[in-house]
Every structure is written in structure tokens, then in C-alpha cells.
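Below is one structure, written out as C-alpha cells; the observations come after it.
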Number of protein chains: 2
Amino acid sequence: MLIMLTFIGKSLFFHSMNSAISLSHTLSSEITETLRDAIITGEIKQGSKLSETRLSKQMDVSRGPLREAIRNLEGMNLVHSIPQQGARVVEISLELILQIYDAREALESKAVALAARNMNSTDIDELHRLIDAQVKHLTENSGVFIPAESDYAFHEMVIRGSKNKVIIHALLHEIYYLIKMFRYQNEEAQSSSTNALIEHRQILYAIEQRDPVLAEITMKQHIVHAREKINRRMLERQNK
Amino acid sequence: MLIMLTFIGKSLFFHSMNSAISLSHTLSSEITETLRDAIITGEIKQGSKLSETRLSKQMDVSRGPLREAIRNLEGMNLVHSIPQQGARVVEISLELILQIYDAREALESKAVALAARNMNSTDIDELHRLIDAQVKHLTENSGVFIPAESDYAFHEMVIRGSKNKVIIHALLHEIYYLIKMFRYQNEEAQSSSTNALIEHRQILYAIEQRDPVLAEITMKQHIVHAREKINRRMLERQNK
DNA sequence: TACGCAAATAATGTTGACATTAATTGCGTA
DNA sequence: TACGCAATTAATGTCAACATTATTTGCGTA
């Protein structure tokens, strides 16, 4: 497959999403991943049309696998297609990102409550390592922000710790891609504050104490804070 | 399209799900709906393989639209496909249905909290009508159960009342089909108890009072009760 | 009999062509 | 110039054939 899009390769950023490296790489799954990343980075703009004929020529593939890829992206909530009219990339308005965070709040606070019950000690050790890495990053860079990838790694670990297939799928496959897309394309949302690290620590503490209620409350707060921050910043930007 | 499957037409039961009747019915969307209903009713058995060649012959369509339909069903969590191996209908184990209800609990309790804020008086009137119908059904049949369709109608109305696209999609498109499938194929789970009606009334009361916290708690209880009931009945059945 | 390997069979993956529908262009008229 | 309609163009929807990969069958051997 000749990729004519300027997007090249996959950063570590995206790899964290796919825990199982796909052994049998079918063409349509390759197209799915390429387009997914191009949409998240904004290389393919929000609201733009995914023309089958144009893309199939650009990427040098037939329309069959391309159509399947578009269906896959639809399942990730990244595109929306209308019969006889084609598919368009989702536009993330302020209203939508706030709704996304409401859904995330509901699912991820439940996820961490389940994680407090279901995570084993190996999982918890891994969480410690991730937080230590965040601490290390802060001290070494004497900064006030932790990078987005590191933030995702922590949350993904917690989500998987719930051991609930439905919740894991809903969050990682249908909500987080949208969140990554939004954050990647809004510089002010790309990194997390030191407050986030403190909250991560509180979440980990609750999990270690096997306290689902505390874990849930803490996670809910954590996500509400992030939501409010987005709301504030976006309104500021609109008033400029 | 010649439907060779014994399943014929769509009952009111299924229609309640699709608020917008699709005007431009493309072949692949027809196939999707036919297969979806056949899977929910159990006409196509859990765990069975959706062979493209066999189905395309049976339904007298080419494999193209059929493959797209299978992708759509995958997005509804009704089938799971493995590259180079094909798609199989999901098997709803006790563990899975409990996980589904955990996800539902998280999302729908949030949905009703949002509905308490966002529903308008017309929406609320409609909820009253739905509950009145349930009351009427009970008195006329002097029974102790309300039919599943009536239960779904109430919950769908509340979910849509949240006005949150992401939550609506996650619940109606990725969780409720699984729940319908489970309930349809487990006679003991097909109808709801009179307790459910009482709880519906409490939920409606909370919405009318514009009390998101009360609404959320009540809905959570309602779903937890349903989950526990399923757990009890399934364990009983296993011990027989 | 049980096991493993190779041939045969059937499935999924992919492609290009055709059919049908939507979008565009350009002409004519008010 | 602005508007509406018809012809053209281009897009999406569908199909049948081919390519590639799994699965099955059946033979031979331990």
C-alpha cells in the first residue's frame, strides 16, 4: 500500500492503544489504522469528506477494503456516514467534547471501582511504574506538565484493570480516540497539569486500599476537573 | 432480497429501537437489520459462524453488502470477527451479561441525571403516558409482569432525554441490543416485575423534580436490582 | 489405532467493472 | 443578473471473478 498521505508511521503515542499487535495484517485493517491516525492528528480535517474514489487512488487500494475501513472508523465514532452521500470526519464542537467527557466520567469511574476489586498485584505494580515515570519526568524537566502519552498509559491501565470487556471496549475504542483527537488538535489540552499527577496518586492509593467507593469518587473528580478545564479554556478562546 | 431465514418482518418490539425510519434503505442496511433481528431472537444461534458464502446464497445477495452488514453488527457488539477466520455470533455467558449490566448501570444512571436537567415538558408527558400504559396493562391483566417492549420504551425515552449523543449511542446501539438478545432468549428475563414499575415511577418523579442526584441513585438501584435478579436466576438454573 | 503431513476443498480477502444515485455544469428564460 | 431545469459528470452501491489463506480430507507411517 502506497501511502500518499503525509502522515508517516505510528508514534509510540498510538501504539499504547493497541495492546495486541495485529499479527495477521489485513489490508482493510491497515487502511483503518492509517486513516484513524490521520484523523486524530488532524491531517484529515474535521468535517472533511472521506471520498472513496479519491482515497482509493491516493492510497493505491481498491474501494472494497477502503469501505470496510470507513465502517470501522464509524465504529470508533471518528466518522459519520450517510447512505448515498458518503462519510465525513466528525467535528468536535465544545458541546460534543463536553458530552464525551460526561460519558467518560460515567464509564471510567465505574471502571476504576471495578479495578479496585479486580486488579492483581502485578497490575498495581505497573501502575506504580507509570506514576514513577511521571514523577521522574516532572523533576527532570522541572516542569508543570506531564505528556499526554503518559497520561493515557495510566488511564488505559486502570480501564483494563476493570476486566470488564464492555467498559474497556466502550472507553478505549469509542471514547478515547475522540479524546485523543480533540487533545491532539488543541494545543492547550495536550498536556496534563501537576494536579493530574496528584489525582493519579490518589486513584492508585484507593485501588491499593481495595476501596471501590473512594476510587470511584476520586476518578469522578479527576475527570470533572479535566472537563471543567476544557470548558474554561474553550470559552476563553471563543471570547478572544 | 429473498429472505430464506425463517424470521419474517419486524415486530413492534424492534421498531421502538429505530426512532428514525431509514428512508434510503440500502441493501447492506437491510441485511444488517435482518441479521440483527435474527441474532436477537436466537434464530441464528449464539456462537454460530456467519459464513459469508452460505449467507449470501441464502439471502440471495452478493458478499459485498453482506460483509458490510457484518461490520455493522460488529459495531453493535452482536458478532465478533477474526481476520481470515470469519465472524461468529457473540455468546452471552453469565459473566458477560453481568458485565453488560455494570456498563449499563454506569451509563444509564448518568443518562437519567442528565435527563433530569435536559428533558422538556413534552418529553416528560410522554414518560407519563408510557407509565400509564404499564399501569393499565397490569390492572387489565391483573398480572404481575409488564412486557419487555413497554420496559424498553420507558428506558429508551429516558436515555434520549439525556440529549447526550455519546451516551445515547453507547446505550442504544451497543448495549441494549445485547440486553434484548439475552432477555429474548431467556424466558425468565423477558418480563419485568411490578417492582420495576414502582421504580419507574420513582425515576419519573425524580426527573419531574429536576433532581439529578435522586434520579441517578434511583436508576442505579433499578439496574442493580435487575442485575441481581439475573444473577440469582442464572445460578439457580445452573444448579438444576 | 493414532498421529502427522500433503493434497484438495472451501472459506475469506481483494479487485475491477457495472448500476444507480447524487452533485455539478451549463444553458435558457424571466 | 438570478433562477430553474436538463445534461453531464462523478460519486456511492452492488456484483462477480480472482487471489490468498484456512480448513478439511485422506493417505501413509509409527
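Residue numbers start from 1 in every chain, and the chains themselves are labelled A, B, ... in the order their sequence lines are given, proteins ahead of strands. Predicted, not measured: the structure shown is a model, and the values here were computed from it.
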Ion pair check, A/Lys163 and A/Asp123, cut-off under 4.0 Å: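 Looking at A/Asp123 together with A/Lys163, the answer is yes, because their closest N to O distance falls below 4.0 Å.
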
What I want to find out is whether A/Glu74 reaches A/Arg71 closely enough, with some N-O distance under 4.0 Å, to be called a salt bridge.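 The answer is yes: the pair qualifies as a salt bridge.
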
Parallel, tilted or perpendicular: which one describes the rings of A/Phe154 and A/His200, with boundaries at 30° and 60°?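 Answer is parallel, since the angle falls under 30°.
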
Pairing partner (Watson-Crick or G-U wobble, both distances under 3.5 angstrom) of D/dA30: C/dT1

Given that both distances must come in under 3.5 Å, which nucleotide forms a Watson-Crick or G-U wobble pair with C/dA19? D/dT12

Could you encode protein contacts along nucleotides 9-15 of chain D as a string, one character per nucleotide from 5' to 3', using B for base contact, S for sugar-phosphate-only contact and - for no contact, with a heavy-atom cut-off of under 4.0 Å? --SBBBB

Donor-acceptor pair between A/His173 and A/Asn77 side chains, under 3.5 angstrom: no

Minimal heavy-atom distance between A/Ser29 and A/Thr26, with the atoms involved, is OG-O, 2.7 Å

Among B/Arg237, B/Arg183, B/Lys229, exactly one meets salt bridge (charged side-chain N to carboxylate O under 4.0 Å, His left out) together with B/Glu188. Which residue is that?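 One option only clears the test, and that one is B/Arg237.
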
Between D/dT23 (C1') and B/Arg88 (CZ): distance, integer Å: 12 Å

Whole angstrom value for the distance that separates P of C/dG13 from CD1 of B/Ile70: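 Checked: the CD1 to P distance equals 9 Å.
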
